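What follows is a single structure, written as structure tokens, with notes after it.
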There are 2 protein chains.
Amino acid sequence: MAPTSETLTAERILEATEEVLRRHGPAKATVVDVARALGVSHGSVYRHFRTKAALREAVTKRWLDRTSGELSGIAAGDGAPEARLRDWLAALFAAKRRKAGGDPELFATYTVLTSENGAAVGEHIADLTSQLTRIIRAGVETGDFAAGDPQATARAVFQATGRFHDPSHAREWEEPGAEADFRAVVDLLMRGLRP
Amino acid sequence: MAPTSETLTAERILEATEEVLRRHGPAKATVVDVARALGVSHGSVYRHFRTKAALREAVTKRWLDRTSGELSGIAAGDGAPEARLRDWLAALFAAKRRKAGGDPELFATYTVLTSENGAAVGEHIADLTSQLTRIIRAGVETGDFAAGDPQATARAVFQATGRFHDPSHAREWEEPGAEADFRAVVDLLMRGLRP
DNA sequence: CAGCTGACAGATTTCAATATCTGTCATTCG
DNA sequence: CGAATGACAGATATTGAAATCTGTCAGCTG
């Protein structure tokens with residue numbers, strides 16, 4: 001909050017924007033607020049981001065990237081593909097659920113941001129799907145999975161588990177049977193992947 | 001629209017309400033509009049429905065019941081369970097897609113109504129899931145499917161295909177690869193169901 | 001007298017005036 | 001001279017007063 005007198009960088013603006021979004025929510029967070037938090041005029045912010053939309057998009061990308069970063073470790077692991085796939089899906093569900101349940105207001109804020117920003121979300125989904133493809137391809141190589149087209153299969157697995165990672169279903173993640181439902185879907189998919 | 005002088009029945013009120021919703025949309029459709037369409041005072045409407053919310057719920061139920069009625073024929077059929085399941089899922093996807101694509105405004109109206117009305121939607125989903133259970137149970141009996149708990153499996157199949165029937169994904173139903181995505185998910189699930 | 005009406009209170013929505021915000025750019029500052 | 005400022009025009013959001021709506025009910029009507 002202290003108007004540090006370091007040089008103004010895109011990075012610092014993004015941090016301030018996240019803070020402003022956290023405090024004011026997506027509807028009331030303004031560029032003027034961000035500039036005020038940094039102790040500069042709002043004109044300076046426009047030197048680093050052409051529009052408010054671009055600023056919000058950059059914040060959204062950062063947030064999505066943090067999530068996919070958490071999972072890439074599992075995808076790159078070297079355990080049995082079947083276990084790796086289960087772990088990856090469970091980690092994805094757990095991460096989303098933690099974010100949604102832990103700070104519902106912030107999660108709602110980012111839900112608004114992602115819905116503003118189809119492109120960034122598309123890239124994020126492409127990233128996650130490619131992590132999944134990597135796991136499935138590994139399984140095909142070891143003979144644990146049968147999949148004619150690993151990429152299409154990864155897409156199908158991602159879509160079939162959508163209820164457990166798509167933010168539009170966040171309400172349902174805290175319902176009693178959620179965990180059991182998740183396991184049932186994953187079990188069915190794992191059976192479908194076996195040769 | 002003609003203020004028919006038949007006796008005022010719940011049925012006629014529901015029809016008029018659907019018409020008013022179709023014309024004005026969910027935000028601007030008022031009980032006064034419905035009464036005007038029927039040529040009665042709004043007080044008369046309240047004789048048949050305790051509140052505006054109850055009236056909207058009844059309209060929602062009717063709409064949902066029409067959809068599940070379309071599918072019950074397939075679920076009750078006597079063909080091979082595997083084909084029946086594919087047909088049922090395809091019919092569900094086709095029906096939803098037809099409704100969403102054919103009259104987007106009306107679909108948006110009903111999307112608002114369903115989101116207002118968790119209970120009615122819950123019953124509708126329970127109905128659809130029980131149709132699915134029936135098909136899966138038949139498959140278990142003929143040996144076409146392996147499912148320890150047909151009801152839980154039906155739930156899993158329904159949830160895994162959510163992207164292709166849940167209204168919150170309606171936007172995606174008209175995208176290029178939608179049909180292929182649907183087939184990929186269904187294929188994977190069918191493989192998972194085999195003994 | 002069963003069903004309908006319309007006036008009413010309180011809640012909600014609309015609308016237009018006012019304030020704030022976004023994005024630009026000529027000017028200032030270091 | 002490059003980075004930052006702040007005044008400005010047009011767009012968007014806020015506000016509060018006026019209009020409309022919801023739900024009730026005493027009384028009217030056939």
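Letters go in sequence order (proteins before strands), and every chain restarts at 1. Computed from a predicted structure; not experimentally measured.
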Please step through side-chain contact (heavy atoms from CB on, under 4.5 Å) for the pair K28(A) and R23(A), ending with a clear verdict. CA-CA 9 Å; K28(A) 296 205 276 186; R23(A) 289 180 117 86; over 6 Å; no

For A29(A) against R56(A), the heavy-atom pair lying closest together: O-NH1, 4.0 Å

Please encode protein proximity along nucleotides 7-30 of chain C as a string of B, S and -, counting only heavy-atom distances under 4.0 Å. B-------------SBBB------

Using the six-membered ring wherever Trp is involved, compare the ring planes of F107(B) and W173(B) and label them parallel, tilted or perpendicular (cut-offs 30° and 60°).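 Because their plane-to-plane angle is over 60°, the rings of F107(B) and W173(B) count as perpendicular.
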
Checking K96(B), H124(B), K99(B), H165(B) against T67(B) for side-chain hydrogen bond (donor to acceptor under 3.5 Å, both in side chains), the one that qualifies is K99(B)

Inter-axis angle, terminal five-pair segments of the helix from dC1(C)-dG30(D) to dG30(C)-dC1(D) [nearest 10°]: 10°

CD/Q151(A): more than 12 non-hydrogen atoms of other groups inside 6.0 Å: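 Result for CD/Q151(A): open.
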
Do other residues, nucleotides or ligands put more than 12 heavy atoms under 6.0 Å from R134(A) CZ?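 No - once you tally the heavy atoms of other residues, nucleotides and ligands closer than 6.0 Å, there are 12 at most.
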
Could you walk me through whether R36(B) and D33(B) pass the salt bridge (Lys or Arg N to Asp or Glu O under 4.0 Å) check? CA-CA 5 Å; R36(B) 190 162 30 232; D33(B) 289 330; 2.8 Å; yes

For dT5(D), does either OP1 or OP2 sit under 4.0 Å from a side-chain N or O belonging to S44(A)? yes

Between R50(B) and E57(B), is there a side-chain N and carboxylate O pair less than 4.0 Å apart?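 Answer for the salt bridge query: no.
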
Output the rounded distance in Å from CG (L38(A)) to P (dT5(D)). 10 Å

